[in-house]
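Following: one structure in structure tokens, then a few remarks.
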2 protein chains.
Amino acid sequence: MKKVTLKEIAKQTGVSTATVSYVLNNVANQTIAEETRSRILQTAKELGYVPNLAARSLVKQKTGLIGLLINQSTRSESWRKIRYSSLIDEIEAALSERGYHLILHSLDAAAPKLDIIAERKLDGVIVVDARSDRFHHISSHFPRGVPVLVIDSLINDPLFNQLMFDYASAFAQLPELFHQPQNYYAVLDDYNNEELLRHLASLLPLTSEQIHIMQCEEKLKQFINKQKARKGIIINEAIALLAGKYTASEQLTVICTANMAQLLPANATAVAFKQQKGRLAAEQLIQLINRSELAASNKTIKIEAE
Amino acid sequence: MKKVTLKEIAKQTGVSTATVSYVLNNVANQTIAEETRSRILQTAKELGYVPNLAARSLVKQKTGLIGLLINQSTRSESWRKIRYSSLIDEIEAALSERGYHLILHSLDAAAPKLDIIAERKLDGVIVVDARSDRFHHISSHFPRGVPVLVIDSLINDPLFNQLMFDYASAFAQLPELFHQPQNYYAVLDDYNNEELLRHLASLLPLTSEQIHIMQCEEKLKQFINKQKARKGIIINEAIALLAGKYTASEQLTVICTANMAQLLPANATAVAFKQQKGRLAAEQLIQLINRSELAASNKTIKIEAE
DNA sequence: GTGAAAGCGCTAACAG
DNA sequence: CTGTTAGCGCTTTCAC
């Protein structure tokens, strides 16, 4: 059983591989006799021809491959993974609709290896939660001209296209927080990107004693137990669920960064964001790809709270 | 700025591409003068050479690409996505360690399109939660000899390598369930694979009125409200969290299929499984790839409960 | 309308 | 020890 290639179809149809390629790709301004056309289409179907995208990539100089590179601080705790499950799914769905395939790859935030971008000749890349120190250093290794969109990473460089939540608008939903800051505490998700953490802290009218950065359940518990009757602002649903083990959930206001509000206890307060980050990311990246020749309109997009 | 290819390195070093290839790949039984070797290595580093895997794939007839194809019944509810977030992460991690790259792709369970396998010449494929009717029909389209591992799908055909939880061993952890079945109800995760659902039901000493297949939160609520003081067996942590909104969580026993036990309320009973499904899947698939020439030892692996 | 041929970047015999 | 060469499967220019 021979491999089904263009050449094989060409042979069986008695035409050249060029003609077969024209037909199968509906090449514009190549006029093909209707007879040959249907004959080729016919045998292609019979043989179950499927194009080899590696070969195509080689000549077209684009692969149709997008990388989703997620920085992981640690792989150990599985509950942390819900942070991006919705994001991943949305991105995959949106890219699929546009004919792209997704390569999912995780990075060591402390020492990201980005070879995959060049090796696989990725058409575009979405980087999630990158440390800006590492990122700067490494970004020079980027193959020239590969569009990159950075998510959840505050990078102080207009060179990078960024996408993140508008946390200020989320906190603005909580007027009481600003009137009575002493009644609150906050738990931040432990982003690798320290600038983002600092940014979050700066938006909250709280002292550093009132702010905890998530590390592990035990530390969270200790922190919450010290907060007495205060109300909690929790970033990320999974963390909120853990927090719910140590305080009454009606005391909690959850900033829903994982699109998982439904899993929260009914009596917790939830603040969600207006748009799906994943879909937005995918669309944005595709735009970048399509006009990567032009000066990239390096904007930072922020998604507002509902 | 020229593209950095083997040819370019060859030119700059004054040797042939073959020699460069030998050096860069440490080809065994090719003895290279230490002087040339280091010169090549040197300029390769300077130029920041990265091999083009598409080109390599073409000649080596393997791509280093693994497909993770997940059947989705619906994309609408984001909380469902936690079902596989741990699995995806484990698989990606394990494959990465072995030098493979992961293509994540979702399938429409009712009409799965598997072209990606042939197009991308995937070296192996993991299919998750497939309807066996669709799967049989479609599996004939599989490129010959591509190793496939099927997860969470009961397929009555020894031809397929399968991996799933040993639910019987999970239920066996609950002796009371079998002594007092009238005191229980169960909520099953809504797998696309109907055989799996039937299998689960057959393992439970419950009537069909006592068993609910998850559809949406509202239906779940109605079902639970009818159960009075009964205790619930819930498959999947996310569903358990939803169920927890409508019944006391100490009444719940959760079969943890998503590796997210930590997110459950402390007073719920959790039953977990011994091994990480994702890691096991990746390792199993790699084995299949490495000896795909031999008669595939088509076994079904079941992961026992702790 | 169709085909010959060059080449994308790389590997692997086979010569030398 | 190193180079020549023939592809891998496909696209595309240019001729016929």
Side-chain angles (χ1 to χ4, degrees), chain A residues 2-41 43-44 47-65 115 117-123 143, chain B residues 2-41 43-44 47-65 115 117-123 143:
Chain A
K2 279 192 72 71
K3 264 187 298 184
V4 186
T5 64
L6 277 193
K7 206 204 288 187
E8 182 61 21
I9 296 180
K11 194 190 298 178
Q12 299 219 7
T13 330
V15 298
S16 76
T17 63
T19 309
V20 178
S21 176
Y22 292 145
V23 170
L24 262 29
N25 294 308
N26 270 311
V27 173
N29 63 39
Q30 276 288 350
T31 158
I32 306 280
E34 191 46 41
E35 198 268 335
T36 5
R37 153 178 236 80
S38 59
R39 216 150 37 97
I40 290 173
L41 252 22
T43 56
L47 270 49
Y49 172 76
V50 177
N52 180 331
L53 296 188
R56 179 179 291 173
S57 302
L58 208 52
V59 30
K60 296 201 110 167
Q61 299 288 48
K62 25 178 146 171
T63 56
L65 251 23
D115 276 355
I117 303 175
E119 285 176 344
R120 294 289 180 189
K121 291 280 178 288
L122 304 181
D123 287 344
Chain B
K2 278 192 73 72
K3 264 187 298 184
V4 186
T5 66
L6 276 193
K7 205 201 292 187
E8 182 61 21
I9 296 180
K11 195 189 296 178
Q12 300 220 6
T13 331
V15 298
S16 76
T17 65
T19 309
V20 178
S21 175
Y22 292 144
V23 170
L24 261 30
N25 295 308
N26 271 311
V27 174
N29 64 40
Q30 277 289 350
T31 156
I32 306 281
E34 192 45 41
E35 198 268 335
T36 6
R37 154 178 235 79
S38 60
R39 216 150 38 94
I40 290 173
L41 252 22
T43 57
L47 270 47
Y49 172 76
V50 177
N52 181 331
L53 297 189
R56 179 180 291 173
S57 301
L58 209 51
V59 30
K60 296 201 108 167
Q61 299 289 46
K62 27 178 147 173
T63 57
L65 250 22
D115 276 355
I117 304 175
E119 285 176 344
R120 293 289 180 189
K121 292 278 178 292
L122 303 180
D123 287 345

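Throughout, protein chains are lettered first and strands after them, A, B, ... in sequence-line order, and every chain is numbered starting at 1.
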With respect to the phosphate group of [N], does any side-chain polar atom (N or O) of [X] fall under 4.0 Å of OP1 or OP2?
X	N	result
B/K3	C/dG9	yes
A/Q61	C/dG9	yes
A/N25	D/dT11	yes
A/S21	D/dC10	no

Output the single nucleotide from [options] whose closest atom is nearest the side chain of [X].
X	options	answer
B/L6	C/dC8, D/dT11, C/dT11	C/dT11
A/A55	C/dA5, D/dT2, D/dG9	D/dG9
A/K7	D/dC8, C/dT2, C/dG3	D/dC8
B/I32	D/dT2, C/dC10, D/dG3	D/dT2
B/V59	C/dC8, C/dT11, C/dA4	C/dT11

Any donor-acceptor pair under 3.5 Å linking the side chain of [X] with the backbone of [Y]?
X	Y	value
B/S21	B/T17	no
B/T5	B/K7	yes
B/T63	B/K121	yes

Figure out the [atom1]/[atom2] separation between [X] and [N], and round it to whole Å.
X	N	atom1	atom2	value
A/L24	D/dT11	CG	C1'	12 Å
B/N29	C/dA12	CG	P	11 Å
A/R56	D/dC8	CZ	P	18 Å
A/Q30	D/dT13	CD	C1'	10 Å
A/N52	C/dC8	CG	C1'	13 Å
B/N26	C/dT11	CG	C1'	15 Å
A/I40	C/dT2	CD1	C1'	10 Å
B/E34	D/dC1	CD	P	10 Å

What's [X] touching, base or sugar-phosphate or nothing? Going by heavy atoms closer than 4.0 Å.
X	result
B/A33	sugar-phosphate
A/T5	sugar-phosphate
B/V27	nothing
B/T36	sugar-phosphate

Grab the two heavy atoms, one from B/G64 and one from A/R120, that are nearest each other, plus how far apart they are.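 Looks like O-NH2, 3.4 Å.
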Measure across B/V50 and A/D115 and return the closest heavy-atom pair with its distance rounded to 0.1 Å.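 Closest pair (atom of B/V50, atom of A/D115, distance): CG1-O, 4.2 Å.
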What about A/Y49, does its side chain sit under 3.5 Å from the base of D/dG9 through a donor-acceptor pair?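 Such a pair does not exist between side chain and base.
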Taking side-chain contact (heavy atoms from CB on, under 4.5 Å) as the criterion, tell me which of B/V15, B/V23, B/L24 meets it with B/I9.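 For B/I9, the side-chain contact (heavy atoms from CB on, under 4.5 Å) check succeeds only for B/L24.
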DNA chain D: 5'-proximal contact among A/Y22 and A/V50 (nearest heavy atom):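 First, find each residue's nearest nucleotide; the 5'-ward one identifies A/V50.
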Contact nearer the 5' end of DNA chain D, comparing B/L58 with B/T19: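 Comparing both residues, the 5'-ward one is B/T19.
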